[in-house]
Amino acid sequence: MDGMFPLRPALTVADLVADGLAATADAAVLSRVTQDFRMRLTPEMREASANSAGVARQFVPSAAELIERPEDLLDPIGDEAHAPVPGLTHRYPDRVILHVTKTCEVYCRFCFRRETVGETGHLPADQLEAALGYIAQTPAIHEVILTGGDPLVLSPRRISALMARLAEMAHVGVVRLHTRVPVVAPDRISPALIAALRLHPSTWVVIHTNHADELTPQAQAAVARLADAGLPLLSQTVLLRGVNDSADTLESLFRALIRLRVKPYYLHHCDLARGAGHFRTTIPEGQAIMAALRGRMSGTALPTYVLDIPGGFGKVPIGPDYLTQDGPHWQVTDPNGRRHDYADPERT
Ligand SMILES: *Cc1c(COP(=O)(O)O)cnc(C)c1O
Ligand code: SF4
């Protein structure tokens, strides 16, 4: 895998049994699960899993993954529906997603790209060239979003080359990376990597994290290095049953992120990935959690709760709703759940 830092050796199901993260009796069925859906966790997340069920459930395979439900989809967010060239998803006019690699440092059991992630190396050079050519020739693209897989498994040298190319395109005002690396493999956030990210004048980093117990001292230090370098930081979190589906758990996470200078950006309703049904909550459950948080937390710490509409139709906020219409009048719900009348001024 040219161009990548070496990944850590993969764990086996026997390692999980040795750690007490899986029962001996489950070893055979978990081996079967990992044939369908790759397993990888870093030493940091192996240790965090041993100390926290909320972390372990995200990374340790479970027999529930063999259960397929009628609503499960192979491409739950429709990446394939909007691919002008391989490796590029262009769904919204002003921004594209560039899938620079399919590899990750960890494979999350709920991943919405679980059918495509894996250790197949980075986007081949000719496909990367074609994708960069498309971006260069499409002035409507204001923002290039690097994702994967995880873009930060690429070497600083390769990331530098990519950032330099994007910085040459005057219409690309922003480069955004979506990554789990600062949390799950914090030692990758090196001076060389940070220098590479800063080759574009406006690089935003969106950190994927789902539970405060993932934010180990090493992860916190890595996030601080990014913030100290002046990179604006956002977070994205997936709402996951049995991991973070309570207001208290998410409050701890969002408070920890704000302290780390990371603005919670999105709380994703769990996608319809195959074999991940046991992680899904209902939308009313998610709305109730968001309503509870609105009543008790700073607005700076609150993300937008969004659904990626299956089929590639886009992401939209899904509430809760604070506003209902009653004839010419509005009813607004306050953070304590009480309703109030509100009338728009007359337009003349
Ligand atoms: C999520 C997504 C984006 C980014 O959406 P934002 O709302 O700007 O964060 C862009 N393109 C595609 C295809 C996406 O799925
Ligand atoms: S790091 Fe992201 S892309 Fe990789 S398995 Fe986890 S959720 Fe999926």
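Order of listing sets the numbers, starting from 1, for every ligand and every atom in it. Just so it is clear, the values below take in all heavy atoms, side chains as well, and ignore hydrogens, waters and symmetry mates.
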ask   = Do Val175 and Leu88 sit in the same hydrophobic cluster, where Ile, Leu, Val, Met, Phe, Trp and Tyr count as joined when their side-chain heavy atoms come under 4.5 Å apart?
value = yes

When you compare ligand 1 with Thr89, is there at least one nitrogen or oxygen pair between them that comes in under 3.5 angstrom? no

**Request:** Check whether NZ of the Lys or CZ of the Arg Arg114 lies under 6.0 Å from the centre of the six-membered ring of Phe37 and within 45 degrees of that ring's axis.
**Result:** yes

Distance col, row Tyr322:OH vs Asp334:CG, nearest 0.5 angstrom, shows 10.0 Å

Of all protein heavy atoms, the one nearest atom 7 (O) of ligand 1 is Tyr266 OH, 2.5 Å

The protein heavy atom nearest to atom 2 (Fe) of ligand 2 is His208 ND1, 4.1 Å

| said: I'd like to know if Asp248 pairs up with Arg296 as an ion pair, taking the criterion as any Lys NZ or Arg NE/NH1/NH2 lying under 4.0 Å from an Asp or Glu carboxylate oxygen. | reply: yes

Of all protein heavy atoms, the one nearest atom 6 (P) of ligand 1 is Tyr265 OH, 3.3 Å

Using the ring centroid of each side chain, check whether Phe110 and His278 are separated by less than 6.0 Å. no

*asked:* Whether Arg339 and Asp326 form a salt bridge (side-chain N of Lys/Arg under 4.0 Å from carboxylate O of Asp/Glu) is what I want to check.
replied: no

Tell me, please, if Cys111 has any N/O/S atom, main chain or side chain, under 2.8 Å from atom 4 (Fe) of ligand 2?
no

Nearest heavy-atom contact between Ser49 and Phe59 is OG-CD1, 4.0 Å

Near Arg91 (heavy-atom distance under 4.0 Å), the atoms of ligand 1 are 13 (C), 14 (C), 15 (O)

Short version for Gln236: what comes under 4.0 Å of ligand 1, heavy atoms counted, is neither

request  = Please confirm whether Asp150 comes under 4.0 Å of ligand 2, counting heavy atoms of the residue only.
outcome  = no

request  = Consider ligand 1: state whether an atom of it lies below 4.0 angstrom from any non-hydrogen atom of His90.
outcome  = no

min-distance protein heavy atom vs atom 6 (Fe) of ligand 2 -> Cys108 SG, 2.4 Å

With heavy atoms and a 4.0 Å threshold, my read on which part of Arg95 contacts ligand 1 is side chain

field: Check: Glu214/Thr209 side-chain N/O donor and acceptor closer than 3.5 Å
entry: yes

Of all protein heavy atoms, the one nearest atom 14 (C) of ligand 1 is Lys315 NZ, 3.1 Å

closest protein heavy atom to atom 3 (S) of ligand 2 is Cys104 SG, 3.6 Å

Rounded to the nearest 0.5 angstrom, the CD-CZ distance for Glu44 and Arg46 is 12.0 Å

### Message
Looking at Arg225, I want to see if its CZ is surrounded by more than 12 non-hydrogen atoms of other residues, nucleotides or ligands under 6.0 Å.
### Response
yes

of all protein heavy atoms, closest to atom 12 (C) of ligand 1 is Ile97 CD1, 3.3 Å

Checking heavy atoms under 4.0 Å, the part of Ile145 that sits near ligand 1 is side chain

re atom 1 (S) of ligand 2, the protein heavy-atom contact at minimum distance is Arg180 CD, 3.5 Å

- Under-4.0 Å salt bridge between Lys102 and Asp150: no

Checking heavy atoms under 4.0 Å, the part of Arg114 that sits near ligand 2 is neither

